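Notes to accompany the following structure.
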Amino acid sequence: MSKVRVRFAPSPTGGLHLGGVRTVLYNYLFARHHGGDFVLRIEDTDQSRFVEGAEEYIIQCLEWCGLIPDESPQKGGAYAPYRQSERKPMYGQYAQQLIDAGHAYYAFDTTEELEQMRVRYKSAENPSPQYDHTTRLHMRNSLSLSKDEVADLLEKKTPYVVRIKMPENETIKFHDLIRGVVNFDTNLVDDKVLLKSDGMPTYHLAVVVDDYLMKITHAFRGEEWLPSAPVHLLLWVYLGWDKDMPQWAHLPLILKPDGNGKLSKRDGDRLGFPVFAMDWNDARTGEVTTGFKERGFLPEAFINMLVMLGWNSGTEQELFSIEEMIEKFSIERVHKGGAKFDFEKAKWYNQQYILKKDNTELASLVMPFMEAKGVITTVDFLTKIVALIKERCHLLTDFWEQGHFFFATPEYNDLAPLTEKWNETKQSFFTKWVGQLSAITNWNHDALEANFNEHMQQAGLKKGDVLLPLRIMLVGGKFGPGVFDIAALIGKEETEKRVKIVLGKM
RNA sequence: GCCGCGUUGGUCAAGGGGUUAAGACGCCUCCCUUUCACGGAGGAAUCACGGGUUCGAUUCCCGUACGUGGUACCA
């Protein structure tokens with residue numbers, strides 16, 4: 001059996017959708033599992049949709065995810081070039097081969113003529129008429145025109161496209177790795193354009209030619225490609241390459257959490273979660289769309305969450321290292337049905353990885369998020385804080401929410417929980433306690449707690465009376481890790497300062 | 001409209017002719033902790049519908065419904 005070769009073939013038109021990353025993941029895992037190659041091919045045949053920077057962005061996303069291709073436009077490889085725009089000269093001959101064999105034909109119809117055809121044949125039973133065996137003889141193409149007319153049009157450099165001539169009354173059958181046998185009736189498939197008037201191939205021709213030339217053995221793509229699969233199957237046969245045709249797998253869609261339908265960037269904006277892997281800065285509109293990375297996800301967690309969206313190992317295991325995924329992944333265990341994206345579950349995955357992560361490493365990952373909030377600190381100090389608050393953080397951005405009081409004195413916007421149950425006893429207890437703090441020589445958690453308890457008992461108070469007030473004084477709210485841990489970390493002076501500030505407000 | 005694909009709790013899902021139909025997220029209760037969280041123990045909640053086949057269907061077959069994708073010189 002030949003070496004496994006798979007490919008991810010995005011078109012550089014915008015942000016990298018989480019469904020795209022999952023397709024990359026499944027390709028990558030499959031390739032690694034079988035000791036094969038993973039190729040990145042850029043499908044930029046539509047120059048009108050080309051977006052500046054999109055290709056570099058895709059590469060960066062793959063790097064962040066740790067899904068590095070073996071061959072790519074940047075890296076090169078034995079099958080270069082890996083950008084379809086740079087492969088343009090290669091497609092024409094195959095289109096010609098198809099024409100010569102009678103499996104494709106020239107079509108000279110203008111956009112307006114196509115539009116007229118659709119209007120003319122449109123009816124209640126047939127709302128979207130196709131360019132197919134029922135209509136092609138009524139159009140201007142090398143099937144309906146005489147040889148001389150065609151030669152003349154060609155001679156005059158009349159713009160044309162090349163269309164596949166779909167056969168009549170045939171059933172195209174193929175085996176999909178996920179869905180099993182799938183059938184299509186060729187009468188219902190239209191004569192897809194293979195070569196555009198600008199000489200560029202459409203996806204349909206390009207995907208077949210490139211998969212053949214690049215010796216792709218397994219082709220994984222989204223379910224939305226299933227209806228055009230018969231065109232691709234036929235092309236493999238007509239070009240005489242069917243012995244080398246890759247095995248197909250059409251991946252289920254990732255759906256929006258509410259309602260139905262494919263998950264789109266809009267849903268993310270609407271429901272408040274990212275859809276793209278990384279921030280996407282659209283050069284055309286100037287719009288910035290938040291990505292999972294910038295939202296505070298760890299790449300390992302992002303990948304783990306994605307692998308489980310449509311695949312499972314058949315066991316109860318949910319957390320997998322990339323090595324385990326490679327070992328256990330199999331395309332046959334991919335679900336047929338689409339999966340609704342659940343941001344809560346995504347956050348849970350991230351939390352699991354935060355909990356596992358070494359504190360020092362975690363601190364360096366959290367650092368940029370702190371700096372973005374204007375916090376200036378050292379990895380050393382941040383490591384201590386991260387250790388204390390990590391178990392209540394789902395995202396890297398949560399560390400600021402949960403720990404900002406370590407870096408700045410709280411603003412005490414809401415002291416109501418304190419004032420409600422405040423009294424003279426508490427006032428004098430805290431005044432007295434804060435007054436003797438300077439005498440404490442070993443400023444640490446245990447010593448502080450012992451000292452506090454001693455004063456508390458002398459004043460005839462209980463933990464329930466004074467612990468929460470102390471927390472609010474130090475933190476500014478009813479949250480955070482143990483109070484004495486906080487006091488130990490922020491230091492004696494800051495502790496004194498905060499207690500006095502609040503005492504002054506009571 | 002037509003064609004393709006799909007349908008197990010709110011979500012991700014295991015399973016597959018006879019089961020108390022796993023597990024996870026989320027939700028609820030309790031324990032731990034005098035905050036929150038982590039951790040622990042419980043709980044509510046599911047086989048879209050109708051026909052077959054069968055001693056027996058969630059599982060197999062056929063319909064229906066619903067959803068979704070496609071029906072471009074976009075991928």
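Hydrogens, waters and symmetry mates play no part in the numbers below; they use all other heavy atoms, side chains included. As the structure is a computational prediction, the values presented were derived from the model and not from experiment. So you know, we letter chains A, B, ... as the sequences are listed, proteins then strands, and number each from 1.
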A/Glu318 atom CD is separated from B/G26 atom C1', nearest whole Å, by 13 Å
Closest to the A/Asp342 side chain, choosing from B/U11, B/C5, B/U35 = B/U11
Less than 4.0 Å between a side-chain N and a carboxylate O, is that true for A/Asp258 and A/Arg270?
-> yes
For A/Pro252, which contact category applies under a 4.0 Å heavy-atom criterion: base, sugar-phosphate, or nothing?
-> nothing
Does the side chain of A/Asn312 get closer than 4.0 angstrom to OP1 or OP2 of B/A13 through an N or O atom?
-> no
Could you tell me the separation between the CZ atom of A/Arg49 and the C1' atom of B/A72, rounded to a whole number of Å?
-> 11 Å
Provide the distance between the two P atoms, one in B/A24 and one in B/C62, to the nearest whole Å.
-> 36 Å
Could you check A/Lys390 against A/Glu449 and say which one's nearest nucleotide on RNA chain B is further toward the 5' end?
-> A/Glu449
Without hydrogens or angle criteria, can the side chains of A/Asp210 and A/Tyr91 be said to hold a donor-acceptor pair below 3.5 Å?
-> yes
Of the nucleotides B/U11, B/G69, B/U34, which has the atom closest to the A/Leu253 side chain?
-> B/G69
Can you check whether A/Val386 reaches A/Lys357 side chain to side chain, under 4.5 Å on heavy atoms?
-> no
Assign A/Val193 to base, sugar-phosphate, or nothing according to its heavy-atom contacts below 4.0 angstrom with the strands shown.
-> sugar-phosphate
Using only heavy-atom distances, determine whether the side chains of A/Ser264 and A/Asp267 contain a donor-acceptor pair under 3.5 Å.
-> yes
The nucleotide from B/C73, B/U71, B/A75 with an atom nearest the side chain of A/Ser128 is B/U71
Return the orientation label for the A/Phe430 and A/Trp422 ring planes: parallel under 30°, perpendicular over 60°, tilted otherwise.
-> parallel
Rounded distance (Å) that lies between atom P of B/A22 and atom CD of A/Glu316 = 11 Å
Rounded to whole angstrom, note down the C1' distance from B/U8 over to B/U19.
-> 14 Å
Under a 3.5 Å cutoff on both atom distances, Watson-Crick or G-U, what's the dot-bracket for RNA chain B ([ ] crossing, | other strand)?
-> (((((((..(((.....[....))).(((((.......)))))....(((((..]....))))))))))))....
Scan A/Gly261 against the nucleic acid and name what it touches under 4.0 Å (heavy atoms): base, sugar-phosphate only, or nothing.
-> sugar-phosphate
A/Gln352 has an atom CD; how far is it from atom P of B/C12, in whole Å?
-> 20 Å
Can you find a donor-acceptor N/O pair under 3.5 angstrom joining the side chain of A/Ser197 to the base of B/C73?
-> yes
Which part of the nucleic acid, if any, lies within contact of A/Gly310, taking any heavy atom under 4.0 Å across all strands shown: a base, the sugar-phosphate backbone alone, or nothing?
-> sugar-phosphate
Heavy-atom nearest nucleotide on RNA chain B taken for A/Gln84 and for A/Lys336; more 5' hit belongs to A/Lys336
Under 4.0 Å between any heavy atoms, over every strand shown, what does A/Lys340 touch: base, sugar-phosphate, or nothing? Just pick one.
-> sugar-phosphate
Tell me: CG of A/Asp198 to P of B/A75, nearest whole Å?
-> 10 Å
Of all the nucleotides listed (B/C5, B/G69, B/C12), which has the minimum atom distance to the side chain of A/Leu226?
-> B/C5
Which part of the nucleic acid does A/Leu309 contact within heavy-atom distance under 4.0 Å: base, sugar-phosphate only, or nothing?
-> sugar-phosphate
With respect to the phosphate group of B/G4, does any side-chain polar atom (N or O) of A/His250 fall under 4.0 Å of OP1 or OP2?
-> no
Considering only B/C38, B/C73, B/C25, which nucleotide approaches the side chain of A/Gln351 most closely?
-> B/C38
Sugar-phosphate only, base, or nothing, as touched by A/Tyr349 at under 4.0 Å among non-hydrogen atoms | nothing
Using a heavy-atom cut-off of under 4.0 Å over every strand shown, decide if A/Asn126 touches base, sugar-phosphate, or nothing.
-> base
Which value, in whole Å, describes the distance between the P atoms of nucleotides B/U20 and B/U54?
-> 25 Å
Among the nucleotides B/G70, B/A24, B/A14, whichever has the atom closest to the side chain of A/Trp348 is B/A24
Report which part of the nucleic acid A/Arg333 touches: base, sugar-phosphate, or nothing (heavy-atom distance under 4.0 Å, all strands).
-> sugar-phosphate
Taking atom types as modelled and ignoring hydrogens, do the side chains of A/Asn183 and A/Thr171 form a donor-acceptor contact shorter than 3.5 angstrom?
-> no
A/Glu43 CD to B/C74 P, in whole Å, measures 13 Å
When all nucleic acid strands are considered with a 4.0 Å heavy-atom cut-off, which category describes A/Val182: base, sugar-phosphate, or nothing?
-> sugar-phosphate
Quantified in whole Å, what is the C1' atom distance between nucleotide B/C12 and nucleotide B/A45?
-> 15 Å
With the side chain defined as heavy atoms from C-beta on, A/Arg118 is closest, among B/A13, B/G69, B/A72, to B/A72
side-chain N/O A/Thr45 vs B/A75 OP1/OP2, d < 4.0 Å = yes
Parallel, tilted or perpendicular: rings of A/Phe292 and A/Phe341 (30°, 60°) = perpendicular
Of the candidates B/G4, B/A75, B/C73, the side chain of A/Leu114 sits closest to B/C73
May I ask you to say what A/Asn183 touches in the nucleic acid, namely base, sugar-phosphate or nothing, with a heavy-atom cut-off under 4.0 Å?
-> sugar-phosphate
Separation of atom CZ in A/Arg179 from atom C1' in B/G6, rounded to whole Å | 7 Å
Check whether any side-chain heavy atom of A/Phe297 lies under 4.5 Å from a side-chain heavy atom of A/Leu395, and answer yes or no.
-> yes
Report, as a single string ordered 5' to 3', how protein heavy atoms within less than 4.0 Å touch nucleotides 40-47 of chain B: B base, S sugar-phosphate only, - not at all.
-> --------
Closest to the A/Lys262 side chain: B/C5, B/C12, B/G69?
-> B/G69
Could you go through the salt bridge (Lys or Arg N to Asp or Glu O under 4.0 Å) check for A/Asp211 and A/Arg7 one step at a time?
-> CA-CA 8 Å; A/Asp211 282 351; A/Arg7 99 274 117 134; 2.6 Å; yes
Distance-only polar pair, side chains of A/Thr135 and A/Gln130, donor-acceptor under 3.5 Å = no
Tell me yes or no: between the side chains of A/Glu318 and A/Gln352, is some donor less than 3.5 Å from an acceptor?
-> no
Would you please classify the geometry between the A/Tyr203 ring and the A/Trp225 ring as parallel, tilted or perpendicular, with 30° and 60° separating the classes?
-> parallel
Taking 4.0 angstrom as the limit, do A/Asp342 and A/Lys345 come out as a salt bridge?
-> no
Under 4.0 angstrom, heavy atoms only, what part of the nucleic acid is A/Gly337 near: base, sugar-phosphate, or nothing?
-> sugar-phosphate
Which value, in whole Å, describes the distance between the P atoms of nucleotides B/A65 and B/U46?
-> 26 Å
Between B/A41 and B/C47, how far apart are the P atoms? Round to whole Å, please.
-> 28 Å
Could you check which of B/C74, B/C73, B/U34 has an atom nearest any side-chain atom of A/Asp46?
-> B/C74
Respond yes when some side-chain nitrogen or oxygen of A/Lys196 is under 4.0 Å from OP1 or OP2 of B/A75, and no when none is.
-> yes
Report yes or no: is there a donor-acceptor pair, N or O only, under 3.5 Å between the side chain of A/Lys345 and the base of B/A24?
-> yes
Between B/C66 atom P and A/Leu255 atom CG, what is the distance in whole Å?
-> 18 Å
Within 45° of the ring axis of A/Phe429 and under 6.0 Å from its six-membered ring centre, is that where the NZ or CZ of A/Lys426 lies?
-> no
